[in-house]
Amino acid sequence: MSGTLSQLPILPFTEMASSISQIHQAHAHLLKTGVFPNNTFVSNKLISFAVSNPDPITLSYAHSVFTHITDPNSFSYNSLIRAYANSRTPENALFLFRQMLEGGPVLPDKYSFTFALKACAGFCGVEEGMQIHGLALKLGIGFDIFVANTLIHVYGKSGHFGFARSLLDRIADRDVVSWNALLSAYIETGFIRLARGLFDEMDERNVESWNFMISGYLSSGLLEEAKSVFDSMPLKDVVSWNAIITGYAHASRFDEVLELFEDMQREEVRPDTCTLVNVLSACAHLGALGQGEWIHGYIDKNGIDTNGFIATALVDMYSKCGNIDKAVNVFRNASKKDISTWNSIIVGLGMHGYGETALETFSEMLMEGFEPNEVTFIAVLTACSRSRFLNEGRKMFKLMVDDYGIEPAIEHYGCMVDLLGQVGLLEEALELVETRQLKEAHVLWESLLSACKNHGNVKMAEYVARKLLELNPQDSAGYVQLSNTYAALKRWDDVLNVRKKMKALKVNKEPGCSMIEVNGVVHEFLAGEGMILE
DNA sequence: GACAAACCTG
């Protein structure tokens, strides 16, 4: 809906509002015409907006609307309770619920109970849930199907399976939602075997029940079981497909992601943005430019908006598949960018060696008012390191810590070690690595070792290799790099010594693995590192 | 005038 108030009567305009500014417009209009705050029915619509948009700003606005309504009814209360229940601070819903109980102008009804209980489920407030349960029983609505189903959810989520189950068994007209409430609780709390038992016992299942089982198996890392549930489903919806596709993506089985996507097309299930993002991500991992372009075409053809996730996934796909120009093009034409979209293009530019453009894009991002996060600085520092921008890199590192208060992580140090190593400041790089007591420090040592090799600094290389081997005697990286260092200097005796040592310790060099798309087919190949030993 | 439940991806 466009932001013009004049095209529609005020009530439908308010009901259809898709942004807070449209609600403000409606509010102003209602105020001018005297409908707000006297007409409760219409004024309530201003509150209802917060139910599906429960961000803090909208919520406090809705609350202020609520306090101004001349004669609030149960709908006014219930909408606001429901909005809070959907928010990130669901416990606030209970203040209003209590107001109703303590003789506010209206008494709570079964809707108030349902929403208040939903809030309890939201913050796992089982104590509060029990109290509300007691009150509901007193008022004779304890077995209302909505109230009871939400109670099962409250008890289940907090691990009170006994309560949840006995309630389930005492609901005369229990339905599939009642079963699913307990099923989803088992799955959320990681009891996949209990979930399976219940699933087999259920006298009624819907597509959601099956989807719960898929996601349950996936979060327990049981991909094959998830797939077998998926295969035996009587009816799959887009969520089922997304769930299984996500499962294969998490397992890095990207070729199967693409196969599943094709199956999905064959069964004529329309992909949504979640599907497309996952599939684009698989293309990015596989370097499958052709498939990625096909999906881009699909997005354009179907008028799917390239904002947020979709834009980022496209930028990432193009840049990882080697087409930085198209990545930039998508980025520039994105209808809406978020921080990840910016991060993604800066990473791409940096990786492709466009350090200067990467830094310019970073400045542009700051000017547009985006707050950089830790990923942004990984991107920026990577760009500096690739392009050997020593001073810029130092400046950015300082900016990150001093101005944005971001604690440098291993990735940031890694970029700095790379950068210092690239420009030959090995002593400074060494100092950086030695003064940090970091987990995963071996990544930094490895990076430093490769810098030593590139600059032919054997003395430091030996020292670093020893450090690396102290950290993990079974890791081949240190040996390989050290032997390559000797080899580059034609010190063959030393190369052989390293080789003997590796053999004695039974360390094997694992070959790297890489993939490339040729004529629309993804090929996988193993890559040695040009290790002279072999 | 409405309510409970799924995938959450870059």
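Labels below follow one simple rule: chain letters A, B, ... track the order of the sequence lines, proteins then strands, and each chain is numbered from 1.
Judged by centroid separation below 5.5 Å and plane tilt below 30°, A:Y111 does not stack onto the base of B:dC3. Stacking is not found between A:F212 and the pyrimidine-like six-membered ring of the B:dA6 base under the 5.5 Å centre-distance and 30° plane-angle cut-offs.
Between the side chains of A:W179 and A:D203, a donor-acceptor pair is found at a separation under 3.5 Å. Defined by atom type and a distance below 3.5 Å, a donor-acceptor pair is present between the side-chain atoms of A:T89 and A:N92. Side-chain atoms of A:D109 and A:N78 form a donor-acceptor pair, as typed in the model, at a separation below 3.5 Å.
For the pair A:R205 and A:F199, the distance from NZ or CZ to the six-membered ring centre is under 6.0 Å and the angle to the ring normal is within 45 degrees.
Of the candidate nucleotides B:dA6, B:dA4, B:dG10, B:dG10 has the atom lying nearest to any side-chain atom of A:V277. Considering only side-chain atoms of A:E208, the nucleotide from B:dA6, B:dA2, B:dC8 that sits closest is B:dA6. Looking at the side chain of A:F41, the nearest of the listed nucleotides B:dC3, B:dG1, B:dG10 is B:dG1. When each of B:dT9, B:dA4, B:dA2 is scored by its nearest atom to the side-chain atoms of A:F146, the top-ranked nucleotide is B:dA4. When each of B:dA4, B:dC7, B:dA6 is scored by its nearest atom to the side-chain atoms of A:D237, the top-ranked nucleotide is B:dA6. Distances were taken from every side-chain heavy atom of A:D316 (C-beta onward) to each of B:dG1, B:dG10, B:dA6; the shortest belongs to B:dG10. Between B:dG10, B:dA2, B:dA5, one nucleotide has an atom nearer to the side chain of A:R82 than all others, and that is B:dA2. Nearest to the side-chain atoms of A:H153 among the listed nucleotides B:dT9, B:dA2, B:dA5 stands B:dA5. When distances run from any side-chain atom of A:D175 to the nucleotides B:dA4, B:dC7, B:dA2, the shortest one goes to B:dA4.
Judged as a salt bridge (Lys or Arg N to Asp or Glu O under 4.0 Å), the pairs with a partner in residues 211-235 of chain A (not counting sequence neighbours) are, in order, A:E224-A:R253, A:K227-A:D231.
Under a 4.0 Å N-O distance rule, the pair A:R88/A:D55 does not qualify as a salt bridge.
The separation between A:I244 atom CD1 and B:dC8 atom P is 11 Å, rounded to whole Å. Atom CG of A:L151 is separated from atom P of B:dA4 by 14 Å (rounded to the nearest Å). Atom C1' of nucleotide B:dA5 and atom CD1 of A:I171 are separated by 13 Å, given to the nearest angstrom. Rounding to whole angstrom units, CG of residue A:D109 and C1' of B:dG1 are separated by 12 Å. Between A:M100 atom CE and B:dC3 atom C1' the separation is 13 Å, expressed in whole Å. Atom CD of A:E188 is separated from atom C1' of B:dA4 by 13 Å (rounded to the nearest Å). Atom-to-atom, NZ of A:K118 to C1' of B:dA4 comes out at 7 Å; the value is rounded to the nearest Å. Residue A:H250 contributes atom NE2, which lies 6 Å from atom P of B:dT9 at whole-angstrom precision.
In terms of polar N and O atoms assigned as donor or acceptor, the side chain of A:D338 comes within less than 3.5 Å of the base of B:dG10 in a complementary pairing. Judged by atom type and distance alone, A:N73 reaches the base of B:dG1 through a side-chain donor-acceptor pair under 3.5 Å.
At a threshold of 4.0 angstrom between heavy atoms, the contacts of A:S48 with the nucleic acid are absent. Contact annotation for A:T150: backbone-only contact, meaning every heavy-atom pair under 4.0 Å involves sugar-phosphate atoms and none involves a base. Heavy atoms of A:S209 sit nowhere under 4.0 angstrom from any nucleic acid atom. A:S281 comes within contact range of the sugar-phosphate backbone alone, with a heavy-atom separation under 4.0 Å but no base atom that close. A:N206 comes within 4.0 angstrom of a nucleotide base, judged by non-hydrogen atoms across all strands.
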